[in-house]
Visitor: 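Here's a structure for you.
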Amino acid sequence: MPELPEVETIVKGLRSCVLNKTISKVTVLHVKLLAKRSVIAFKSFLGNETIAQVKRRGKYIVIVFKSNKRLLLHLRMTGKFIYKQAAPSLKFNHIRLIFNFIDGSILYYQDLRIFGTFSLFNPLEEISEFKALGPDPFSKTLNPSCFIAKLKKRTVPIKNALLDQRLISGLGNIYTCEALFRAKINPLLPSNKLSLAQAATLLKSIRALLTLAIKYNGTTINDFRSVDDKAGRFQKLLKVYQKQGQTCPRCKKAEIIRIKQNQRSTFYCPFCQKSNL
DNA sequence: CTTAACGCCTGAAGGC
DNA sequence: TGCCTTCAGGCGTTAA
């Protein structure tokens with residue numbers, strides 16, 4: 001579910017409530033979330049650790065402890081955090097992990113579909129998941145010329161290339177559709193057919209879109225919530241995602257259509273996203 | 001190497 | 001009401 005702006009919103013929320021807190025207890029209600037290590041190892045690894053930083057890379061969250069151990073996690077489709085100062089009277093559904101802090105506050109990890117992943121890294125240990133991960137869209141090293149170089153190597157439609165986290169990390173189904181609309185590029189256009197100018201426009205569009213979406217605390221279609229349980233507000237600014245049948249808000253000459261690419265819905269305007277097809 | 005399909009899970013929504 | 005199918009903001013694995 002969450003893409004870069006939603007993950008960024010959650011990271012900010014975590015910073016505001018769990019920074020400098022020390023874990024007193026970890027409860028694991030669903031073992032499948034944990035990579036490689038046993039429940040016992042997971043608990044002992046995190047016991048008594050103090051949170052020093054909360055960072056984001058692409059859609060990953062990294063919790064860095066004062067000991068320099070790190071917890072890497074990914075929310076996948078339905079992962080979310082709920083923070084409470086004290087134990088609530090009502091039980092939440094689908095809680096998979098609970099972090100208790102020594103000040104009595106509690107961080108719940110809720111994940112309906114249990115796709116989320118948690119893994120632990122010792123100080124200095126390389127985060128294996130980052131080896132092949134593409135640059136964050138806001139990375140200063142990412143410029144139009146290196147972006148086009150990557151795009152030239154792929155023959156898949158540009159929509160599918162943007163979803164590949166090895167190329168650029170952080171975009172999901174909503175923001176790929178919205179970014180391509182902004183850049184007036186057809187989602188079916190083969191990645192290697194983009195011009196340098198189009199790649200530059202696309203990169204600009206991605207950055208402007210994500211910046212705005214972060215400002216609006218992300219997009220809530222069904223159930224995205226920030227750590228303080230608020231819905232995002234960017235859904236009001238979506239132009240094409242789930243707008244099939246509606247008149248294009250830009251050209252007003254065609255209806256937004258929905259197609260399938262690799263079993264996933266793509267939404268675009270067939271008139272103003274003709275590009276060079 | 002690249003690419004497409006499947007599987008992981010649960011629940012909501014729509015057709016019959 | 002119930003049963004069945006499809007769909008969902010993601011991605012690792014597998015097979016071609």
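Letters A, B, ... are given to chains in the order of the sequence lines, protein chains preceding strands, and every chain is numbered from 1.
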Visitor: Using whole Å, what does the distance between atom P of nucleotide C/dG12 and atom CD of A/Glu129 come to?
Guide: 8 Å
Visitor: Taking the six-membered ring of A/Phe138, is the NZ or CZ of A/Lys140 close enough (under 6.0 Å from the centre) and on axis enough (within 45°)?
Guide: no
Visitor: Tell me what A/Thr155 touches on the nucleic acid: a base, only sugar-phosphate, or nothing, going by heavy atoms under 4.0 Å.
Guide: sugar-phosphate
Visitor: Which is true for A/Tyr60 with a 4.0 Å heavy-atom rule: it touches a base, it touches only sugar-phosphate, or it touches nothing?
Guide: sugar-phosphate
Visitor: Which nucleotide in the list C/dA8, B/dT10, B/dT3 gets nearest to the side chain of A/Arg258?
Guide: C/dA8
Visitor: Any side-chain heavy atom of A/Leu33 sitting closer than 4.5 Å to one from A/Val28?
Guide: no
Visitor: Given that A/Lys153 and A/Gln263 both sit by DNA chain B, which one's nearest nucleotide is further toward the 5' end?
Guide: A/Lys153
Visitor: Between A/Arg154 (CZ) and B/dT3 (P), how many Å, whole number?
Guide: 5 Å
Visitor: Does A/Lys236 make a cation-pi contact with A/Tyr216 (under 6.0 Å, within 45 degrees of the axis)?
Guide: no
Visitor: Rounding to an integer number of Å, can you tell me how far A/Asp223 CG sits from C/dA8 C1'?
Guide: 9 Å
Visitor: Would you kindly give the CD-to-P distance between A/Gln110 and B/dG11, to the nearest whole Å?
Guide: 11 Å
Visitor: With distance as the sole criterion, is a donor-acceptor pair present between the side chains of A/Tyr60 and A/Ser169 under 3.5 Å?
Guide: no
Visitor: Please determine, for the side chain of A/Lys260, which listed nucleotide (C/dC7, C/dC11, C/dG9) has the closest atom?
Guide: C/dC7
Visitor: Testing the basics here: between A/Leu188 and A/Pro157, what is the closest heavy-atom pair and its distance to 0.1 Å?
Guide: O-CB, 3.8 Å
Visitor: State whether A/His74 places a side-chain N or O below 4.0 Å from either non-bridging phosphate oxygen (OP1 or OP2) of C/dG12.
Guide: no
Visitor: Describe the nucleic acid contact of A/Thr117 in one word from base, sugar-phosphate, nothing, applying a heavy-atom distance below 4.0 Å.
Guide: nothing
Visitor: Does A/Asn160 reach a base, just sugar-phosphate, or nothing at all? Heavy atoms under 4.0 Å.
Guide: nothing
Visitor: Can you tell which of C/dG12, B/dG11, C/dG9 lies closest to the side chain of A/Asn173?
Guide: C/dG9
Visitor: Starting at CG of A/Leu72 and ending at P of C/dG12, how long is that distance when rounded to a whole Å?
Guide: 11 Å
Visitor: Please give the distance between the C1' atoms of C/dG9 and B/dT3 as a whole number of Å.
Guide: 23 Å
Visitor: Not counting sequence neighbours, which residues clear side-chain hydrogen bond (donor to acceptor under 3.5 Å, both in side chains) with A/Asn160? List them please.
Guide: none
Visitor: Does a side-chain N or O from A/Tyr175 land closer than 4.0 Å to OP1 or OP2 of C/dG9, or not?
Guide: no
Visitor: Is any side-chain N or O of A/Arg264 closer than 4.0 Å to OP1 or OP2 of C/dG9?
Guide: yes
Visitor: Carefully, step by step, assess A/Arg56 and A/Asp136 under the rule salt bridge (Lys or Arg N to Asp or Glu O under 4.0 Å).
Guide: CA-CA 9 Å; A/Arg56 179 191 62 73; A/Asp136 195 89; 2.6 Å; yes
Visitor: Expressed as a whole number of angstroms, how long is the span from A/Asn262:CG to C/dC7:P?
Guide: 14 Å
Visitor: A/Lys59 side chain: which of B/dT3, B/dT10, C/dC11 is closest?
Guide: C/dC11
Visitor: Find the distance A/Leu34:CG to B/dC8:P and express it as a whole number of Å.
Guide: 19 Å
Visitor: Is there side-chain contact between A/Lys184 and A/Thr201, with at least one heavy-atom pair below 4.5 Å?
Guide: no
Visitor: As a check on the pairing definition, encode DNA chain C in dot-bracket form, counting Watson-Crick and G-U wobble pairs whose two distances are under 3.5 Å, and using | for partners outside this strand.
Guide: .|||||||.|||||||
Visitor: Ring-on-base stacking between A/Phe115 and C/dC11, under 5.5 Å between centres and under 30° between planes: is it there?
Guide: no
Visitor: If I take atom CG in residue A/Leu75 and atom C1' in nucleotide C/dC11, what distance separates them, rounded to the nearest angstrom?
Guide: 13 Å
